[in-house]
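Within every chain, numbering begins at 1; the chains are lettered A, B, ... in the order of the sequence lines, protein sequences first and strands thereafter.
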Amino acid sequence: MSDNPKPVNFIRQAIDDDIKTGRHQEIVTRFPPEPNGYLHIGHCKAIWLNFGIKDDYRGRCTLRFDDTNPLKESQQFASMIEEDIRWLGYEWTSLAHASDYFDQFYDYAVHLINNALAYVDSQSGDKIRQQRGTLTKPGVNSPYRDRSIEDNLSLFEKMRNGDFEDGEHVLRAKIDMHASNMNLRDPVLYRIRHHTHQRTGDKWCIYPMYDFAHGQGDAIEGVTHSLCTLEFEDHRALYDWFIEHLPVPSRPRQIEFSRLNLNYTVMSKRLLTQLVDLGQVAGWDDPRMPTISGLRRRGYTPESLKNFIASVGITRKPNVIEMGLLEKCIRDDLDLKAPRAMAVLRPLKVVIENYPESENELIDVPNHPQNPEHGRRQLTFSREVFIERSDYEDNPPKGYFRLAPDREVRLRHAYVIRCREVIRDKHGEPIEIRCAYDPETAGGKTRDGRKVKGIIHWVSARHAVSAEVRLYDRLFSVADPLADRKRDYLEALNPDSLACLQGCKLETSLDRADPRIRYQFERIGYFFQDATSRPDALVFNRIVSLRDTWMRKSQHSSN
RNA sequence: UGGGGCGUGGCCAAGUGGUUUAAGGCACCGGAUUCUGAUUCCGGCAUUCGGAGGUUCGAAUCCUCCCGCCCCAGCCA
């Protein structure tokens, strides 16, 4: 268990109230995904809410797959969803499917028919749509609305028996075609779909709609608080109508909250599916995707995701959360957990002219600057090292305290070096820096007490391990890719969201690195081995960069 | 021009008529510490709660009107 304070929000307040008034002794929630895609960080909010309530109130939470539409669903998606929830660290009290209740739902439908509260409509979908009216115009009654109970019963049974083609008939609730709430204008309860269901096979050729399955499923499971997102708000009246008119075993209450939106990405399953299908990303688990599997592959931890949701909170207010908050959460988590290492992503060779050619020096260093429990390791120092290309400037801007002609800099954990000469290629680009080191500067001190402000990371050229490193940036280059309705959101895709760097140089200790460990490559960011990484061909993903106040400052002054 | 919701600093968000002349986090801006320009630390950052009226000794919290934004017209969920 975490030592985080219990979250407070309007839903928990309602639950506290229900307990106080004795309305409920046990709290039951459910997480009800449709198995038609992968979970994203928005689902994480619902998972955190429902499973968090279950844990804190010692209640129950079922994972229920809302599998009422066999056209789009698959067992593979269901399996991925289970994996994601487990990875987040939650356990469901029971696993269920809407399809487990198909027989019961059928009986409920018959019950409605018997009470003259449902009828079989034999019009086309187009016709039904026309008759539904508009937001400002009421609908009109179907000519089949007053069929006899006997006719309805026999027609509905024939629908079930497969006597009709798809679309020939539907079962509708008889409510009110004049209702201002569109959901109450005789909603469709069952449609004919001659399609094999991933679980019930060909047992059924009629399938209940969401509205006719969800609340009843909740009631059957004894769900006390059915938590869903705001777009279902208008469905609540229908939800309650079914609960009221059906002999259900319990009376759940639906409460809505606002969904999570993140800037610089998209969050709808439809759009994410499209990005995958179009090949704009490598798959559902592409590390740039806001999916749980993408974030996992990128290197995000479950704790960071949960902390993120907790800090965002639960309200009914539409919101767009800044990506920066997510990044802050993973940095916080990893700062404590991640052992440090040195890696040079864009190598520039430095030759230390006064260091003996054949000599190697072992330097014992801590794996974490604050926490000794992370242990220690050894670095090898030698005459030739790689430094980051960006740590050398021919014409250093004001405030730059890295390497430059005739300037000094400290090689982290090692010596102070001074730049003596720069060797260039034919374009004038530096390809090698010749330096001299000061042997009196080991151990973080200088003999004469002079301050060397710049500290840069390095890797011994002879001992370095090569690796591929993948750098990720936001998927879209604008905060709200859907803001411009005249433009396709795909045009807002960030062309530089992925940079694959080959030939990066890692310190020796990273040879055959444990793929489960997230490292901080000092001064660069947090890194995690990609799913494709192998011991002899390391591939690291950058989870997130470190805060970089220098870059921010230098960008400011250059603007 | 129907119905349902929502509006507290750049982004979230506490607040449920008086102890709040509005918590906290993120972002941002200073400064200190630091062998990571990281971390940590310290300080700054809404006389005001979409707007205008009103009720009250007292309002972000109650009332009225107005404005803005979101959702709903699938045999999707």
Who is the Watson-Crick or G-U wobble partner of [N], with both distances under 3.5 Å?
N      : value
B:rG2  : B:rC72
B:rG9  : none
B:rU20 : none
B:rU64 : B:rA52

**Request:** Report, as a single string ordered 5' to 3', how protein heavy atoms within less than 4.0 Å touch nucleotides 34-44 of chain B: B base, S sugar-phosphate only, - not at all.
**Result:** BBBBBB-----
Among residues at least two apart in sequence or on other chains, which ones pass side-chain hydrogen bond (donor to acceptor under 3.5 Å, both in side chains) with [X]?
X        : answer
A:Tyr144 : none
A:Arg542 : none
A:Arg12  : A:Asp56
A:Arg474 : none

For [N] and [M], measure between their [atom1] atoms and round to the nearest Å.
N      : M      : atom1 : value
B:rG30 : B:rC66 : C1'   : 42 Å
B:rC57 : B:rG50 : C1'   : 28 Å
B:rG25 : B:rG43 : P     : 12 Å

If you compare every side-chain N and O of [X] against the phosphate oxygens of [N] (OP1, OP2), does one of them come in below 4.0 Å?
X        : N      : value
A:Ser311 : B:rG25 : no
A:Arg316 : B:rG4  : no
A:Thr68  : B:rA77 : yes
A:Gln131 : B:rC75 : no
A:Arg191 : B:rA77 : yes
A:Arg129 : B:rG74 : yes

**Prompt:** With A:Arg552, which residues qualify under salt bridge (Lys or Arg N to Asp or Glu O under 4.0 Å), at least two apart?
**Reply:** none
**Prompt:** Can you list the residues that meet the salt bridge (Lys or Arg N to Asp or Glu O under 4.0 Å) rule with A:Asp211, with sequence neighbours excluded?
**Reply:** none
**Prompt:** How long is the line joining CD1 of A:Ile128 and P of B:rC76, in whole Å?
**Reply:** 11 Å
**Request:** Taking the six-membered ring of A:Tyr119 (Phe, Tyr or Trp), confirm whether the NZ or CZ of A:Arg172 is under 6.0 Å from its centre and within 45° of its axis.
**Result:** no
**Message:** What contact category does A:Val312 fall into here, base, sugar-phosphate, or nothing, at under 4.0 angstrom with non-hydrogen atoms?
**Reply:** sugar-phosphate
**Asked** Counting any heavy atom closer than 4.0 Å, what does A:Gly313 reach on the DNA or RNA strands: base, sugar-phosphate only, or nothing?
**Response** nothing
Could you list all N or O pairs between the protein and nucleotides 7-11 of chain B that sit under 3.5 Å apart?
{"unit_1": "B:rG10", "atom_1": "N2", "unit_2": "A:Glu322", "atom_2": "OE1", "d": "3.2"}
{"unit_1": "B:rC11", "atom_1": "O4'", "unit_2": "A:Glu322", "atom_2": "OE2", "d": "2.9"}
{"unit_1": "B:rC11", "atom_1": "O3'", "unit_2": "A:Val320", "atom_2": "O", "d": "3.0"}
{"unit_1": "B:rC11", "atom_1": "O2'", "unit_2": "A:Val320", "atom_2": "O", "d": "2.9"}

**Request:** Using a 90° cut-off around 0 for syn, call B:rG74 syn or anti.
**Result:** syn
**Request:** For A:Val320, check side chain to side chain contact (heavy atoms under 4.5 Å, CB included) against everything at least two apart and list the hits.
**Result:** A:Asn261, A:Asn263
**Short side-chain to backbone donor-acceptor contact, A:Arg518 and A:Lys337, under 3.5 Å** = no
**Request:** Give a yes or no on whether a salt bridge exists between A:Asp100 and A:Arg64, defined as a side-chain N under 4.0 angstrom from a carboxylate O.
**Result:** no
